[in-house]
Student: 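First the structure, then my questions, so here it is.
The sequence lines fix the lettering, A, B, ..., with proteins before strands; numbering per chain opens at 1. When reading the values below, keep in mind they use all heavy atoms of this one structure, side chains included, and skip hydrogens, waters and symmetry mates.
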Number of protein chains: 2
Amino acid sequence: MKNSQLYKGSLTTIVMKLLEENGRMYGYEITQKVKDITKGELKITEGALYPALHKLEAEGVLEVEVENVDNRLRKYYKLTEKGSAETINRLAELEDFIRNMQTLVQPKLDY
Amino acid sequence: MKNSQLYKGSLTTIVMKLLEENGRMYGYEITQKVKDITKGELKITEGALYPALHKLEAEGVLEVEVENVDNRLRKYYKLTEKGSAETINRLAELEDFIRNMQTLVQPKLDY
DNA sequence: ATTTATACCCAAGTATTTTATGTATATAAA
DNA sequence: TTTATATACATAAAATACTTGGGTATAAAT
């Protein structure tokens, strides 16, 4: 994803959140969306994204609709019912994670 | 560390921050400190921590002082000069990471 | 004509962590 | 007093996620 190790483990959560928000997206669109939202700070590589999408599909979290647009293949992914439920858990975990990391890092305000 | 994948990649940053704050700590102390600070939500496993400490030492980020306390071995770790400089970078990266993740996840406030 | 953008894919290698152990002493509980 | 818990270190195999470096193909821009 980037130079920083910190993004490891966050890819599927990001994907699921984006799909929850946007209904359906295709892989390349996801990479561009993340780049836009983070102003270029986070670049999802295709070598990481596509295997992750396939895995989520195999787990029944995502389902795919293949379409042909301008003579090019597109695979639209969207959350299944199971995936929507999972996303809620993932986002709760992310909030916990962020809160815990802030607690660990935040300078003590005891003065 | 936990059930959530999100903590992957954050271990060394956590360790370095704790050492920056506390001067010197030993491995077991770090595991307990993290458990305390996060109210049990994050448990660093020894299988992850000790190899990480050894690696940071090999990289010249940490240095070790062995002591004998109550007939038990303790290895106190502290940041080297290089380690202190590195820690500043790591914490900046963490702040960027958290900000980016919040941007990705935060519901749009355009209403 | 060549590069950039769009759009998918895989596989080898790397790095981090989990899981499952192992050793040993001190203290608390049954 | 035996057993369990806490303290304190450690390793090594397996699982996991990601990086890096390719590959295929069409459309648009330079």
Student: Nearest whole angstrom, please: distance from the P of C:dA7 to the CZ of A:Arg74.
Tutor: 4 Å
Student: Look at A:Tyr28 and C:dA5 and indicate whether a side-chain polar atom (N or O) is within less than 4.0 Å of OP1 or OP2.
Tutor: no
Student: Pick base, sugar-phosphate or nothing for A:Gly47, based on heavy-atom distances below 4.0 Å to the nucleic acid.
Tutor: base
Student: Could you check B:Glu65, B:Glu21, B:Glu57 and say which one makes a salt bridge (Lys or Arg N to Asp or Glu O under 4.0 Å) with B:Lys78?
Tutor: B:Glu65
Student: Measure CG/A:Leu53 against P/C:dC9 and give the value in whole Å, please.
Tutor: 8 Å
Student: Given D:dC18, D:dT11, C:dT17, identify the nucleotide with an atom nearest to the side chain of B:His54.
Tutor: D:dT11
Student: Given D:dA8, D:dT20, C:dT17, which nucleotide is nearest the side-chain atoms of A:Thr45?
Tutor: D:dT20
Student: Any base atoms under 4.0 Å from A:Glu29, or only sugar-phosphate, or nothing? Heavy atoms, all strands.
Tutor: nothing
Student: Which whole-number value in Å describes the distance from A:Tyr7 OH to D:dA17 C1'?
Tutor: 17 Å
Student: Can you check the B:Lys75 NZ to D:dT7 C1' distance for me, whole Å?
Tutor: 16 Å
Student: So, is B:Tyr26 close to the D:dC9 phosphate, meaning a side-chain N or O under 4.0 Å from OP1 or OP2?
Tutor: no
Student: Please tell me which of B:Tyr76 and A:Lys55 maps to the more 5' nucleotide of DNA chain D, matching each residue to the nucleotide holding its nearest heavy atom.
Tutor: B:Tyr76
Student: With a 4.5 Å limit on heavy-atom distance, are the side chains of B:Asn100 and A:Tyr7 in contact?
Tutor: yes
Student: Kindly check if the number of other-residue, nucleotide or ligand heavy atoms within 6.0 Å of CD (A:Glu81) is above 12?
Tutor: no
Student: Any donor-acceptor pair under 3.5 Å between the side chain of A:Gln5 and the base of D:dC18?
Tutor: no
Student: Take A:Asn71 and A:Leu49, find for each the nucleotide of DNA chain D with the closest heavy atom, and name the residue whose nucleotide sits nearer the 5' end.
Tutor: A:Leu49
Student: Under a 4.5 Å side-chain heavy-atom rule over Ile, Leu, Val, Met, Phe, Trp and Tyr, are A:Met25 and A:Val64 clustered together?
Tutor: yes
Student: What is the nucleic acid contact for A:Arg72, judged by heavy atoms within less than 4.0 Å: base, sugar-phosphate only, or nothing?
Tutor: base
Student: Rounding to an integer number of Å, can you tell me how far A:Leu56 CG sits from D:dT16 C1'?
Tutor: 14 Å
Student: Expressed in angstrom and rounded to an integer, what is the separation of A:Leu6 atom CG from D:dA17 atom C1'?
Tutor: 14 Å
Student: Using atom CG of B:Asn68 as one end and atom C1' of D:dC9 as the other, report the distance to the nearest whole Å.
Tutor: 12 Å
Student: Which whole-number value in Å describes the distance from B:Tyr50 OH to C:dT19 P?
Tutor: 18 Å
Student: Is B:Leu79 reachable from B:Ile88 through a run of I, L, V, M, F, W or Y residues, each pair having side-chain heavy atoms under 4.5 Å apart?
Tutor: no
